[in-house]
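Below is one structure, written out as structure tokens; comments come after it.
Chain letters run A, B, ... following the sequence lines, proteins first and then strands; every chain starts at 1. Just so we're clear, the structure is a prediction, and the values are computed from it rather than from any experiment.
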Number of protein chains: 4
Amino acid sequence: MNAAPNLQVQSRDDDSAKRRQILEGARRVFMDLGFDGASMGEIARAAGVSKGTLYVYFTDKNALFEAIVEKECHDHGITALDIESKDAGSALRQLGQAYMEVLCRPEGGSAVRTVMAIAERMPDLGRQYYGNVPATWFGKLADYLRTQVKAGHLVIENCDLAAAQFMLACQATLFLPFIFQVRPPPSSEQIATVVDSATRMFLAAYRPPGK
Amino acid sequence: MNAAPNLQVQSRDDDSAKRRQILEGARRVFMDLGFDGASMGEIARAAGVSKGTLYVYFTDKNALFEAIVEKECHDHGITALDIESKDAGSALRQLGQAYMEVLCRPEGGSAVRTVMAIAERMPDLGRQYYGNVPATWFGKLADYLRTQVKAGHLVIENCDLAAAQFMLACQATLFLPFIFQVRPPPSSEQIATVVDSATRMFLAAYRPPGK
Amino acid sequence: MNAAPNLQVQSRDDDSAKRRQILEGARRVFMDLGFDGASMGEIARAAGVSKGTLYVYFTDKNALFEAIVEKECHDHGITALDIESKDAGSALRQLGQAYMEVLCRPEGGSAVRTVMAIAERMPDLGRQYYGNVPATWFGKLADYLRTQVKAGHLVIENCDLAAAQFMLACQATLFLPFIFQVRPPPSSEQIATVVDSATRMFLAAYRPPGK
Amino acid sequence: MNAAPNLQVQSRDDDSAKRRQILEGARRVFMDLGFDGASMGEIARAAGVSKGTLYVYFTDKNALFEAIVEKECHDHGITALDIESKDAGSALRQLGQAYMEVLCRPEGGSAVRTVMAIAERMPDLGRQYYGNVPATWFGKLADYLRTQVKAGHLVIENCDLAAAQFMLACQATLFLPFIFQVRPPPSSEQIATVVDSATRMFLAAYRPPGK
DNA sequence: CATGAATGAGGATTCATTCAT
DNA sequence: CATGAATGAATCCTCATTCAT
């Protein structure tokens, strides 16, 4: 996807190998331990660089954390999904599955948890994450629902509300046990089952009587 | 539980008073700042006792935190709600409203956030909270749904799943903006609106055809 | 002199034994090594306390340094000297001697040097020291000179200027070699000789012709 | 001076150019911030070279600082002043003025302050500066005074002492307020006034009675 | 039991110095 | 020769914990 030519030099500003290496190491540590629990020493070790090097690329712990969150925002934002042309059942299933896969991504630590945890002390980060992750998914679905309503395939008063209802219903029995460490991250199959149930409930509720 | 006579004078009541005082102060600080962000000094100040006294009642910071979480588990666990005899609409509305009021309780800090944040490092606490708070609410609803299904008022395959769907649908547009500091805690009226919508969706989906 | 009753408790605010102990140790280190050269660890060792204890009594390194300078200001400010009733020769000799003894006090490090060194970065401290130490000595002499002029014993246009001229002439060959580590602190006898010469020069210049 | 063509081969001249460039940048930083306060990074930036280059020309921070002080010693040493043939009044005024201009040179930072500050930890530097700066000025005046005494124009017992008295009297109300950041560097006019007063005092004291 | 002074290990950050390019 | 990325020791400061009173 990234078709950037990337000729020229690779300045340290944005894209050096070392910078990525640090971000990768830091992500793991921050997501596992939280902002306060993560120490710069641990991060340096995880990234395979010296403590001093961290400060060559990021002015301080906050800046490094912000960079991580920004990256997560980008990575977890809505992916290019072509649902517009699909029927409601397929569209809902596809969106729900994709969203849940992102939320429960098992690759070490959870961004939702980490950002949620710090949101009281760093409200800007909380807002940024919310705006870039849940809001984009919910918004995409709301838009889709509006076209379906216009086309007469669904009957919904408040599409934003309905979109949120569906997305949250997709979490059902999976997300909380995962986030509270009661169960390991759900498999794609488990997600599929729960998403399917949410889809059926949603359509049963919002499909026009005759259909 | 602890029926030990606790010789000497210093009856348990005296202990308990101070203990409660500490717990109260510590709760605020922990919920506002998180486990790592809270310092024992701050807690002592908030509780109005000396730092040393903290260690008379709790062996260390972890133990104090655990006691707080335990208390929150108890306080936020399901309250005595008599829904068994009610019709589905009333029961769902009442449960949904009560659950959301607990989740979004504005009185300083959020327990969900705080426990979720630490769950990776203290899985036992995460499990305990999950088991005592969401699981009891979801379970209560699941039980109710089962009776309704038996009575023929509802048609549901998996009542545990359906219960979770409903409870999460009640969060819809309210919980995430609150927890990510995008919006202040929702009012009871806002909650009522969203819960009402979830209730109607749920019943539309799970009520038997003829009804 | 300090007639304060000092009953009551000795709060940590101003006068505890530990605070004095820290100030004493810190004075040596700061005066020997300068503000930047002195480390809190070294200070703690010199004071015989732990690093943490330093921060119980002083909020940070700056505050500790300021306290030291303040103390030096007080200790080096003009001492109670009764010169008003004396003839010019005695008065000048006594003041000059006392001032030089303060400036060249050999007890480890020099406050003048240390404060002068930091004055560019902490102008307030520089001003405070100047106002409390040299300015008070110079001012005391200027006042005395004015009474002598009024009494007709001296003829001076600008007494502030003349006072400074005398005080600095007293340094002559002693202060710079001392401060630049060319020679050890001068003895009282050496000071007396140089002060005597300054006195004779001063009087030869400012005594009215006939006398 | 440097008329070398500066082609290719990197002759010493090229080195010297860069070396001078470094010294110039380092001087400003050292004099503004002091030895400890100055960082090699800041110096590199001020000199417009890379940090690594610093170490090509100077083995370490100490060596660079020593080179700076040496240069200051040279620059602030007595300038070629032809006072031998002049009358005492002119000679004193000219010397006093020139010395004070050097001491209070406002072009960023003060060498006296910086060297004085470090003299306890680097006594050699202190001695070097003292020997090259104040001592040369004082010495030059002492020599001059001796010729005047021989010629019968002045009556002075100890010419070294008298020279120091005069030079310090020239500082009077100007130097300390400047060095302690109480007042900005004095203007040439202010210096002239104070030097004039010192000259008159000095001559009034040391001119033979009849004259 | 209650206190708060004292501790020292640990964390974030800076900076002189090195070295591969 | 010139560079600047990388290092790790050292610094300031915080905080959980202990202990004498």
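Residue B:Ile22 contributes atom CD1, which lies 10 Å from atom C1' of E:dA2 at whole-angstrom precision. If you measure from atom CZ of D:Arg45 to atom P of E:dA16, you get 11 Å, rounded to the nearest angstrom. The interatomic distance linking C:Ile43 (CD1) with F:dC13 (P) rounds to 10 Å, in whole Å. Remark: P of E:dC15 and CZ of D:Phe65 are 17 Å apart, rounded to the nearest angstrom. The interatomic distance linking C:Arg19 (CZ) with E:dA5 (C1') rounds to 15 Å, in whole Å. Atoms CG (D:Leu54) and P (E:dC15) sit 15 Å apart, rounded to a whole Å. As a whole-Å value, the separation of A:Phe30 CZ from E:dG11 C1' is 13 Å. When the P atom of F:dT14 is taken as reference, atom CZ of C:Phe58 falls 15 Å away, rounded to whole Å.
Comparing A:Thr53 and B:Thr53 by the nucleotide of DNA chain E that holds the closest heavy atom to each, the one mapping nearer the 5' end is B:Thr53.
Using a 4.0 Å cut-off between charged nitrogen and carboxylate oxygen, D:Arg28 and D:Asp32 do not count as a salt-bridge pair.
At least one side-chain heavy atom of D:Phe58 sits less than 4.5 Å from a side-chain heavy atom of D:Leu23. In this structure the side chain of C:Glu24 never reaches within 4.5 angstrom of the side chain of C:Gln21, judged on heavy atoms. Side-chain atoms of D:Met116 and D:Arg113, non-hydrogen and from C-beta on, never get closer than 4.5 Å to each other.
Side-chain N or O atoms of C:Arg19 include none that pairs as donor or acceptor with a backbone N or O of C:Tyr57 at under 3.5 Å.
Under 4.0 angstrom from either OP1 or OP2 of F:dA2 there lies no side-chain N or O belonging to D:Ser50. In this structure, D:Tyr57 reaches the F:dA2 phosphate: one of its side-chain N or O atoms is under 4.0 Å from OP1 or OP2.
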Could you list the donor-acceptor pairs under 3.5 angstrom formed by side chains in residues 122-129 of chain D, with sequence neighbours left out?
| residue | atom | partner | partner atom | Å |
| --- | --- | --- | --- | --- |
| D:Asp124 | OD1 | D:Arg127 | NH2 | 3.2 |
| D:Arg127 | NH1 | C:Gln181 | O | 2.8 |

List the atom pairs, donor and acceptor, that lie under 3.5 Å between side-chain atoms in residues 41-52 of chain B and the rest of the protein, sequence neighbours left out.
| residue | atom | partner | partner atom | Å |
| --- | --- | --- | --- | --- |
| B:Ser50 | OG | B:Gly52 | N | 3.4 |
| B:Ser50 | OG | B:Thr53 | N | 3.3 |
| B:Ser50 | OG | B:Thr53 | OG1 | 3.0 |

Enumerate donor-acceptor pairs with a distance under 3.5 Å from any side-chain N or O in residues 59-70 of chain D to protein atoms, sequence neighbours excluded.
| residue | atom | partner | partner atom | Å |
| --- | --- | --- | --- | --- |
| D:Asp60 | OD1 | D:Asn62 | N | 3.3 |
| D:Asp60 | OD1 | D:Ala63 | N | 2.9 |
| D:Lys61 | NZ | D:Phe35 | O | 2.9 |
| D:Lys61 | NZ | D:Ala38 | O | 2.7 |

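Of the listed nucleotides (E:dC1, E:dA6, F:dT7), E:dC1 has the atom at the smallest distance from the side chain of B:Val56.
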For DNA chain E, the expected dot-bracket line (Watson-Crick or G-U under 3.5 Å, [ ] crossing, | inter-strand) is .||||||||||||||||||||
Letter per nucleotide, 5' to 3', of nucleotides 15-21 of chain F [B base touched, S only sugar-phosphate touched, - untouched; heavy atoms, 4.0 Å]: -SBB---
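Taking C:Asp36 as the reference, C:Arg121 meet the side chain to side chain donor-acceptor pair (under 3.5 Å) condition, with sequence neighbours excluded.
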